[in-house]
Amino acid sequence: MRIPGRKPPRSFFARDPLDVAPELLHKLLVHAPDGSEPTAIRIVEVEAYRGSTDPASHAYRGRTPRNGAMFGRPGGLYVYFTYGMHWCANVVCELPGDAGAVLLRAGEPVLGLEHMHARRPAARRPRDLASGPARLCQALGVDGALDGTDLLAGPVWLRDDGVPPPDAPLVTTRIGITRAIEQQWRWVVPGSRYASRLVPPVSRKVR
DNA sequence: GGTGTGATCGTA
DNA sequence: ACGATCACACCA
């Protein structure tokens, strides 16, 4: 089987997640398991999480069994379990001397749509397949077994097929968090119909 | 199109 | 007790 695009150099990931995040827009995320057909999405929505300085980050309180991948090699995949039922995937980055990651929030399905629909019966149309961080993982078949794997070695790959990131991405606050809600650390492909939403909810739960 | 709510369980 | 969420019901 053939993996589309080229792999970015390791140095692409070894930077502040705030710099990496917008450059992940329009890149491909490919899951090519041994012995079954690959599926792929084009990334359209991301959020950056820093480490010790970001109260919303899983790495804020240091290393634990769960967030270990965030402290590993840049270019790794950090997959975590949340709400008792969902997996979400991050690209591991590294602000020099600190942990960091970029949450992959949504993508446009580009390869293996029939397999994605089989994994996501609730999705009526392509725009429902990967328009959310947990939906994206379901569509690609990404779960905890892939936590800590290398995006430069597979079976989950980050690939660059030459489509540049948007010149003027939409920048907003992060979604679904209750801390550090003032930071504008979410980037979306302008006008994308495959994003989870273009504008964050006006009111968020406060406690 | 929009809003509100229950599900479900690992984590710290 | 609380999530870096989702699907579905319900209203428009």
Side-chain angles (χ1 to χ4, degrees), chain A residues 16-18 20-22 24-25 29 41 43-72 76-93 95 98-107 109 116-148 156 170-188 191-207:
Chain A
D16 188 334
L18 272 61
V20 178
L24 285 173
L25 295 177
L29 189 69
I41 57 102
I43 298 167
V44 302
E45 177 182 345
V46 296
E47 282 175 358
Y49 289 86
R50 280 179 169 165
S52 59
T53 61
D54 180 4
S57 174
H58 289 172
Y60 184 57
R61 289 175 173 80
R63 186 171 188 152
T64 68
R66 177 208 210 188
N67 66 18
M70 264 189 93
F71 292 81
L77 185 67
Y78 167 45
V79 184
Y80 69 90
F81 188 63
T82 191
Y83 286 99
M85 57 194 116
H86 298 302
W87 296 100
C88 295
N90 295 252
V91 171
V92 174
C93 302
L95 184 66
D98 200 359
V102 177
L103 174 66
L104 303 176
R105 284 199 54 94
M116 298 193 207
H117 268 112
R119 294 187 187 114
R120 278 189 46 69
R124 295 173 159 264
R125 50 201 195 293
R127 67 183 289 181
D128 298 325
L129 284 172
S131 51
R135 291 172 174 182
L136 185 156
C137 282
Q138 276 177 243
L140 291 178
V142 168
D143 64 19
L146 296 166
D147 181 42
V156 181
L170 214 52
V171 183
T172 80
T173 54
R174 295 177 289 185
I175 292 177
I177 57 169
T178 56
R179 293 177 296 197
I181 59 176
E182 70 281 2
Q183 305 296 352
Q184 311 252 318
W185 289 352
R186 173 174 173 261
W187 290 264
V188 188
S192 175
R193 297 186 314 239
Y194 297 92
S196 67
R197 49 211 331 159
L198 290 178
V199 178
V202 271
S203 74
R204 60 197 72 218
K205 24 176 150 174
V206 184
R207 201 59 279 211

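Below, chains carry the letters A, B, ... as their sequence lines are ordered, and counting in each starts from 1. Not measured: the values here are computed from a predicted model.
Taking the six-membered ring where the residue is Trp, A:Phe81 and A:Trp87 present tilted rings, their angle falling between 30° and 60°.
Counting non-hydrogen atoms under 4.0 angstrom, A:Ala122 reaches the backbone sugars and phosphates but no base. Counting any heavy atom pair closer than 4.0 Å across all strands shown, A:Ser196 reaches no nucleic acid atom. Residue contacts shown for A:Arg61 are absent, as no nucleic acid heavy atom lies under 4.0 Å away.
Remark: ring of A:Tyr49 overlaps the six-membered base ring of C:dA4 in a stacked fashion, centroids less than 5.5 Å apart, planes less than 30° apart.
Across all strands shown, B:dT8 forms no Watson-Crick or G-U wobble pair with both key distances under 3.5 Å.
Comparing B:dT8, B:dA12, C:dA4 against the side chain of A:Met85 picks out B:dT8 as the nearest. Of the candidate nucleotides B:dG10, B:dA7, C:dA4, B:dG10 has the atom lying nearest to any side-chain atom of A:Phe81. For A:Arg120, taking side-chain heavy atoms from C-beta onward, the closest of the listed nucleotides C:dA4, C:dC6, B:dC9 is C:dC6. Each of B:dA12, B:dC9, C:dT5 was ranked by its minimum atom distance to the side chain of A:Tyr83; first place goes to C:dT5.
Per the geometry, CZ belonging to A:Arg127 stands 11 Å off C1' belonging to B:dG1, to the nearest Å. Between the CG atom of A:Leu129 and the P atom of C:dT5 there is a distance of 19 Å, rounded to whole Å. Going from atom NE2 of A:His86 over to atom C1' of B:dG10 covers 14 Å, rounded to whole Å.
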